[in-house]
Amino acid sequence: MLNKISDTIYYFPNQDDKDRPTLGLVCGDQYSLIIDSGNSTQHAIDFLLEIEKLNVPPVRYMVITHAHWDHFLGMNEIDATIIVNSLTNELLKKWRNYTFDDKSLLEYVGNNEMSSMCMEIIQSEIPNRSSFKLRSPDVIFEDTLTIDLGNKICIIERIKATHTDDSTIIYIPDEKVIFLGDCPYGTTTNSLFHYKQALLLPMITDIQKFDAELFLLGHESICDSNEMNIFWEELTTASQAVTSSSLENAIECFKLENKRDPNDNELFFIKAFVNDYIIQSQ
């Protein structure tokens, strides 16, 4: 079911067991806007069925937060103007050329172009795969775009983030709500999970310039400002302790600077920033 944030903003919560991210719905007086289309045809259909239960204006726009499969593979089911930033558009071109029969899917997995989880979701939740072809976006923007849904402004902005370079965030000023997609997360390169240390502070600055009180994340659903501030503090404190690819040195530095051991979250982040040094040196 849809969770209600206000009379005009709802979200379809993430489901980790199905690798489904949070999806958003913002409603103005004239139109509604969807944030991300889900990881499959079925995910999008489930979302649309919930929207149909509400008395909201018709969906006119859909924003894709970034070009990871779990956020866009449901887009064909949603009759709306698709909005992406220019880099997301470039990254989606590869997917628009894919075919989705079993043989092709196995080849993509074998070439590390697709995860096995993605293949399994496609096989189980996208019917008629023999004719499935991903739609093209309709509106491509560079840095920022403002949409008026009718007394409801949405500010759509591309930021460079620790998760992807093509991250898009959506801010609703009158509600002080911001949809972050997956941008605050790390990423995996060469089987190593890491946080891009050079992008951490610029990303936080880009997000904190918006006066937000509620934050919607791709795989945690919703956080208030206090929870996000704790998250940012743990990330930055961990990052400050890491100056090399030595985990031992980073932990020791953390203890000296903070006069305590890192908590579980901070230790996780320290390891991720150390992995970033390893990635950068390869």
Query raised in the report: Under 3.5 Å, is there a donor-acceptor pair linking the side chains of His66 and Asp166?
Result: no
Query raised in the report: Does the Thr205 side chain pair with the main chain of Leu201, one donor and one acceptor, at a distance under 3.5 Å?
Result: yes
Query raised in the report: Side-chain donor-acceptor pair under 3.5 Å between Gln197 and Ser239, yes or no?
Result: yes
Query - Asn39-Asp19 side chain donor-acceptor pair, cut-off 3.5 Å - result: no
Show me the donor-acceptor pairs, under 3.5 Å and distance only, between side chains in residues 49-56 and residues at least two apart or in other chains.
unit_1	atom_1	unit_2	atom_2	d
Glu50	OE2	Lys53	NZ	3.1

Query raised in the report: Between Glu227 (side chain) and Asp224 (backbone), is there a donor-acceptor pair under 3.5 Å?
Result: yes
Report summary line: In terms of heavy-atom contacts, Leu235 and Phe273 come closest through O-CE1, 3.5 Å
**Report entry** Short side-chain donor-acceptor distance under 3.5 Å, Ser167 and Thr164
**Finding:** yes
Query - Gap separating the CD1 atom of Ile169 from the CZ atom of Phe210, nearest 0.5 angstrom - result: 4.5 Å
Query - Ile178-Val63 co-clustered via ILVMFWY side chain contacts under 4.5 Å - result: no
Query raised in the report: Can you find a side-chain donor-acceptor pair between Asn265 and Glu234 that sits under 3.5 Å?
Result: yes
Report task. Using a strict 4.0 Å threshold on nitrogen-to-oxygen distance, state whether Asp174 and Lys152 make a salt bridge. Result -> yes
Query raised in the report: Between Phe268 and Phe193, does the ring centre distance come in under 6.0 Å?
Result: yes
Query raised in the report: Is there a side-chain contact between Glu125 and Ile122 (heavy atoms, below 4.5 Å)?
Result: no
Query raised in the report: Would you say Glu175 and Ile5 make side-chain contact, with heavy atoms under 4.5 Å?
Result: no
Query - Any side-chain donor near an acceptor of the partner, Glu107 and Asn111, under 3.5 Å - result: no
Query - Gap between atom OG of Ser225 and atom CD of Gln208 - 0.5 Å precision - result: 10.5 Å
Query raised in the report: Taking 4.0 angstrom as the limit, do Arg260 and Glu266 come out as a salt bridge?
Result: yes
Report task. For the pair Glu233 and Asn229, evaluate side chain to side chain donor-acceptor pair (under 3.5 Å) and give the outcome as yes or no after the intermediate values. Result -> CA-CA 6 Å; Glu233 178 66 22; Asn229 286 336; over 6 Å; no
Requested in this report: State whether the side chain of Thr188 and the backbone N or O of Ser191 hold a donor-acceptor pair below 3.5 Å, judged by distance alone.
Outcome: no
**Report entry** Side-chain donor or acceptor of Ser116 paired with backbone N/O of Val109 under 3.5 Å
**Finding:** no
Query - Polar contact flag, side-chain donor to acceptor under 3.5 angstrom, Asn275-His194 - result: no
Query raised in the report: Side chains of Asn3 and Tyr11: donor-acceptor distance under 3.5 Å anywhere?
Result: yes
Requested in this report: Tell me, please, which residues at least two apart from Asp70 pass side chain to side chain donor-acceptor pair (under 3.5 Å).
Outcome: His219
Query raised in the report: Can you tell me how far OH of Tyr171 sits from CG of Asp211, rounded to the nearest 0.5 angstrom?
Result: 4.5 Å
Query raised in the report: Which side chain to side chain donor-acceptor pair (under 3.5 Å) pairs, counting each pair once, include a residue from residues 133-146, with sequence neighbours left out?
Result: Ser86-Glu142, Arg96-Ser136, Arg135-Asp138
Report task. Please name all residues satisfying salt bridge (Lys or Arg N to Asp or Glu O under 4.0 Å) with Lys209, sequence neighbours left out, ordered by chain then number. Result -> Glu157
Query raised in the report: Hey, are the side chains of Leu105 and Arg129 touching, using non-hydrogen atoms and a 4.5 Å cut-off?
Result: yes
Query raised in the report: Only one of Thr65, Asp36, Asn85 clears side chain to side chain donor-acceptor pair (under 3.5 Å) with Thr168; which?
Result: Asn85
Query raised in the report: Would you say the side-chain atoms of Thr99 and Ser104 include a donor-acceptor pair closer than 3.5 Å?
Result: yes
Query raised in the report: Residues two or more places apart in sequence or in another chain: which of them pass salt bridge (Lys or Arg N to Asp or Glu O under 4.0 Å) with Lys94?
Result: none
Query raised in the report: Looking only at atom types and distance, does a side-chain atom of Tyr108 sit under 3.5 Å from a main-chain N or O of Lys103, one as donor and one as acceptor?
Result: no
**Report entry** Inter-residue atom distance Leu180.CG - Thr22.OG1, 0.5 Å rounding
**Finding:** 10.5 Å
Report summary line: In terms of heavy-atom contacts, Ala161 and Leu199 come closest through O-CD1, 3.4 Å
Query raised in the report: Checking Ser37 side chain against Phe72 main chain: does a donor-acceptor pair fall under 3.5 Å?
Result: yes
Report task. Check side chain to side chain donor-acceptor pair (under 3.5 Å) between Tyr185 and all other residues, then give those that pass, not counting sequence neighbours. Result -> Glu220
Query raised in the report: Among the clusters formed by ILVMFWY side chains lying less than 4.5 Å apart, do Trp95 and Leu106 turn up in the same one?
Result: yes
**Report entry** Residue pair Leu149, Ser32: steps toward the side chain to side chain contact (heavy atoms under 4.5 Å, CB included) verdict
**Finding:** CA-CA 6 Å; Leu149 302 175; Ser32 296; 5.8 Å; no
Report summary line: Interatomic distance, CD1@Ile155 vs CG@Leu145, rounded to 0.5 Å, equals 10.5 Å
**Report entry** Atom pair OG1 (Thr8) and CD1 (Ile172), whose distance is rounded to the nearest 0.5 Å
**Finding:** 8.0 Å
**Report entry** Salt bridge flag under 4.0 Å for residues Asp46 and Arg20
**Finding:** yes
